[in-house]
Colleague: 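Structure below; questions to follow.
Reminder, nothing fancy here: chain letters follow the sequence lines and each chain counts from 1.
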Amino acid sequence: MANVYKSTLNLPKTAFPMKANLVQREPETRQRWAKMDLYGMIRAAAHPKGRYILHDGPPYANGDIHIGTAVNKILKDIIVKYKTMQGYDAPFVPGYDCHGHPIEHAVRRELAGKAGAMSPVEIRRRCEAYARKFIGHQSEQFQMLGVLGRWDQPYLTMAPAYEQREMETLAHLADQGLIHRELRAIHWCMHCETALAEAELEYADDEGPSLYVLFKVIKQNPDDALGIAQAELYSAPEPVYLMIWTTTPWTLPANMAVAVHPDYEYVALRFSFRNEKRIAIVAKELAETVKQAAGLSDAEELFTIKGEDLAKNVTYEHPFMGPPPGAEARCVCADPTMVALEEGTGLVHSAPGHGREDNLMGLRFGIPTYSPVTAQGRMDESVPDWIQGKTVWEANDIILKHLAESGHLVASGMTAHRYPHCWRCREPVIFRATEQWFVALDKADEGKSLRHRALEAVGGVHWLPAWTESRIRAMIETRPDWCISRQKVWDVPIPALYCKACGQALLTGDMMRAAAKFYGRHGSGAWYEATVEDVFGKAPACPNCDAADWRMETDVFDVWLDSGVSWASACEVEGFEVPVELYIEGSDQHRGWFQSSLIMGVVARGQPPFRTCITHGFVVDEEGRKMSKSLGNTVSVLDEVKRLGADVVRLWTSSVDYTCDIRASDTLISSLQDAYRKIRNTVRFLVGNLADFGAGTDTVKPGGMEEIDRWLLARLQRLVADVTAEMEAFQFHRVYQLVHLFCVNDLSAFYLDVQKDVLYCDATASPRRRSAQTAMAHVAEVLVRLVAPVLVHTAEEAWSHLPAPAEGNATLRSTRREESVHLAAWPQVDAKVLDEDLLAKWEWLQDVRRDAYAVLEAFRRAGKFDKHTETRVALAVADAAELQRLREVGAETLADLLLVSELLLVAPEEAETLEGEKAMGNADDGKRLHSATLLVQEYARCERCWNYRASVGEAEPEDLCARCRQVVAEQT
RNA sequence: GGGCUCAUAGCUCAGUCGGCUAGAGCGCGCCCCUGAUAAGGGCGAGGUCGGUGGUUCGAGUCCACCUGGGCCCA
């Protein structure tokens, strides 16, 4: 039924659509930004608070962005946008990590066999093209998320200027004598034929051989033995063996020693083996386990000997190798770090050429590093001919058989273990001793070691969350020397020289600075086609033999050195002050970028390159498990953006506590749609009710405003204060909760619901309507700015629909409607408006309202009425003071708040005399109301405002209340 | 196996110095409205605070151990 009075109402009107249609609208918004050069405008604007540099950690230029990189960039964008609005100059220069094994590996795979015939320069050219392709993809994808930055000019670690600055920075390492060349057991991928850094390994569950092997002790005259403890060892009539346990038989040829724990007790077991009696030494605590595992059913314990005694001049024969290369004999060594009682026999096979621990032990005991395995993973010519040329995996079986035949194998089987694999080719890796360049962490000829300096620097950084400080500290404390050379081509070549005459390796700071200039001019790939003179001018004389004939290094630097100097190559060259304000990355970067950057900052500038370092968690699936393609639980962020829009993905990002694991799924991200719509619709409703509001002429001064409107403005100040505090603490999920709660509770369910009558039905220019609009205009403007860092597109859209602000409007901070919300200033708290007493009073009124609603709901359920506006209600309040306070507020005001047509406030005894239906509130449950009485409705309904009023029918037209009669009369 | 870390309604989060009958919003269920309408409002049901011990008058909160996840390392 058409209502004749509907046209006389002030119903909401706005072009700001309810339906977001983000998928279509967001790209349009971004096109507008591109056209107006929003990023340039922001840069050109005034920045009263100075510079705020959030330095982008460069993602690897390989593949599409994923949910994790998206979360990372969104967090960065939120911070940059917020700081910009706060008045900082916060440029965002995105970067890409371009060099490194993954790209080279992908390119070589694409080339298949053809790579072998190609020059390094040609392969590098293809690597560069590969990187550029993905830089293009990722840049586009990041921008789809609404991330604003200098996308047309990112920093690239492969740019010659970057490489130049990198080499200049790395020269400090050489200047400080921290670079050295050493034979070290390192992770080696025999498939890719390269050394691998820790970060390039993936551990996977694997199965491998498990065998118990006997090493025969070389008997000495018992009288010559040291100490009584050893006498039994040599006086036994049976042969005595050391029993070791290994899962890598191919390392047995490289065995140089057996380690025991000095404090452990070892026991001699006599058992039957191949028709003879033998004695084997094992740790006492493991004896039972070994007996069972090795099937030594008749083993009897003869005597015990302490580890430290066992390590005194006891030597043994290798089962199939000759004398140890570079040493007189293989002996038992006491080393507590090598031995544990979790598995094995308590005697540990040590091959310094094929294990990190073994390698370190070798250094401690002066045992040579023997590594008879080639780069291709084959046994070299120093081993017996029956395994020469075999791969290590082939050697495993052959050695096992050989040991069994020669009577050195007690037992063998298979065992599950976590084994490291190459992160690119997925092949299992081995430990192999090679000559590599290292950064020394503990070298302290003069002053403090680099490790020490780095640890000191950790204390100067603000780590968020706080526990990350101890994590990175522990990592720096325990990390091994940094292996910085790789046998690859797609990275910065190490500008080292090798003397052809004497083999001396040479790498100095001056050489690196010369190379820096050369790389800057020609790109680092030119190294491969250059002569020594091209790079260094004149060939230096060999410090060892004085010759000047050099071979140029073919290894390149570790890719982590590239990104580790980005603070220099990307920030300093821009003129950004280092340390920069903020690094924020995932928790894996404690071992990666955070650490490499910190170490290089300490080396080259004596301080960390960042003031604050934030760590965020990893994105995991709905159950909290890691995402993997094989599990099929990944979330495609690009699909989510195409499905829901970037702002919903951004809202989701902002809604979670990123310091722990972040759970993600289609469902979880979709669930933010409701919150998004609530915020959008709330803003839309505000805007819709401001269609006729001219801020210049219609604004009501604070003194002339209704109390509820002054409350709203105070509430808004509270919100601004709280949100600002949470933004400062980078607690975006609290911001989300605060804003959402404000929209849901304070605006939608309370203020806006209550004010609809005034907004719709009062005369357009009535003082109390203008008062409400003044408050709402302010709320809309502030709210849009508060959500702008997160809902970058939606806020922009809403911004364009806000009513024009007035010149000198006291309630609006900004008098200029900037062309973009991202150019606007962050709202400031107005302490004069933030009236705590008023807030407390209205919190109480909201509580009263909630209580009354709970009681009234019983009537509605009983079918007594449908709408509150139909009702006349008497509230009986038991507490006299409470009743008095409510009477001071006024029954009429309360009626408006409860949306009822009339309200009576009575004491409980008065309620008894009232006619009508009663419903009891429970006075004991802490609620303020004693009871509510639903009174007989005596008034007629006003056909315009739908309120039941005594004034309806008092005059013509008889179907209107007094207020509406006057409004309608004025309109005609 | 080691270091660090996380665990509170279906979901996302609060819960300060130990005082709690453990809160909120969303979602869900029921109801109302149809003048925010692919909207709006109301009420309600949801929890052994991962588990087990301990300290304490009192533990979601402190301690120990365990379980399950995550990152990093072996």
Colleague: Under 3.5 Å between N/O atoms: give me all the protein pairs with nucleotides 45-50 of chain B, atom names plus distance.
Modeller:
none

Colleague: Let me know the distance between CD of A:E585 and P of B:rC72, rounded to the nearest Å.
Modeller: 14 Å
Colleague: Is the glycosidic torsion of B:rC43 within 90° of 0, making it syn, or is it anti?
Modeller: anti
Colleague: With syn defined as a glycosidic torsion within 90 degrees of 0 and anti otherwise, which applies to B:rC20?
Modeller: syn
Colleague: Whole angstroms only, please: what is the CD-P distance between A:E469 and B:rC72?
Modeller: 21 Å
Colleague: Select base, sugar-phosphate, or nothing to describe what A:R625 touches, counting heavy atoms under 4.0 Å on all strands.
Modeller: sugar-phosphate
Colleague: Show me the protein contacts with nucleotides 4-8 of chain B, counting only N or O atoms at under 3.5 Å.
Modeller:
from: B:rC4; atom 1: O2; to: A:R471; atom 2: NH1; distance (Å): 3.4

Colleague: Is the glycosidic angle of B:rG46 within 90° of 0, making it syn, or outside that range, making it anti?
Modeller: syn
Colleague: Measure all distances between protein nitrogen or oxygen atoms and nitrogen or oxygen atoms of nucleotides 38-41 of chain B, and list the pairs falling under 3.5 Å.
Modeller:
from: B:rG40; atom 1: OP1; to: A:K678; atom 2: NZ; distance (Å): 3.2
from: B:rG40; atom 1: O3'; to: A:S748; atom 2: OG; distance (Å): 3.0
from: B:rG40; atom 1: O2'; to: A:K756; atom 2: NZ; distance (Å): 3.1
from: B:rG41; atom 1: OP1; to: A:K678; atom 2: NZ; distance (Å): 3.4
from: B:rG41; atom 1: OP1; to: A:S748; atom 2: OG; distance (Å): 2.6
from: B:rG41; atom 1: OP1; to: A:A749; atom 2: N; distance (Å): 3.3
from: B:rG41; atom 1: OP2; to: A:K678; atom 2: NZ; distance (Å): 3.2

Colleague: Measure CZ/A:R734 against P/B:rC13 and give the value in whole Å, please.
Modeller: 11 Å
Colleague: Quick check, are the ring centers of A:F431 and A:H354 under 6.0 angstrom apart?
Modeller: no
Colleague: Hey, which of these two, A:N745 or A:E870, hits RNA chain B nearer its 5' end, going by closest nucleotide?
Modeller: A:N745
Colleague: Hunt down the Watson-Crick or G-U wobble partner of B:rC57, both distances under 3.5 Å, from any strand shown, or write none.
Modeller: B:rG19
Colleague: Would you mind reading off the distance between A:W946 atom CH2 and B:rC32 atom C1', rounded to a whole angstrom?
Modeller: 14 Å
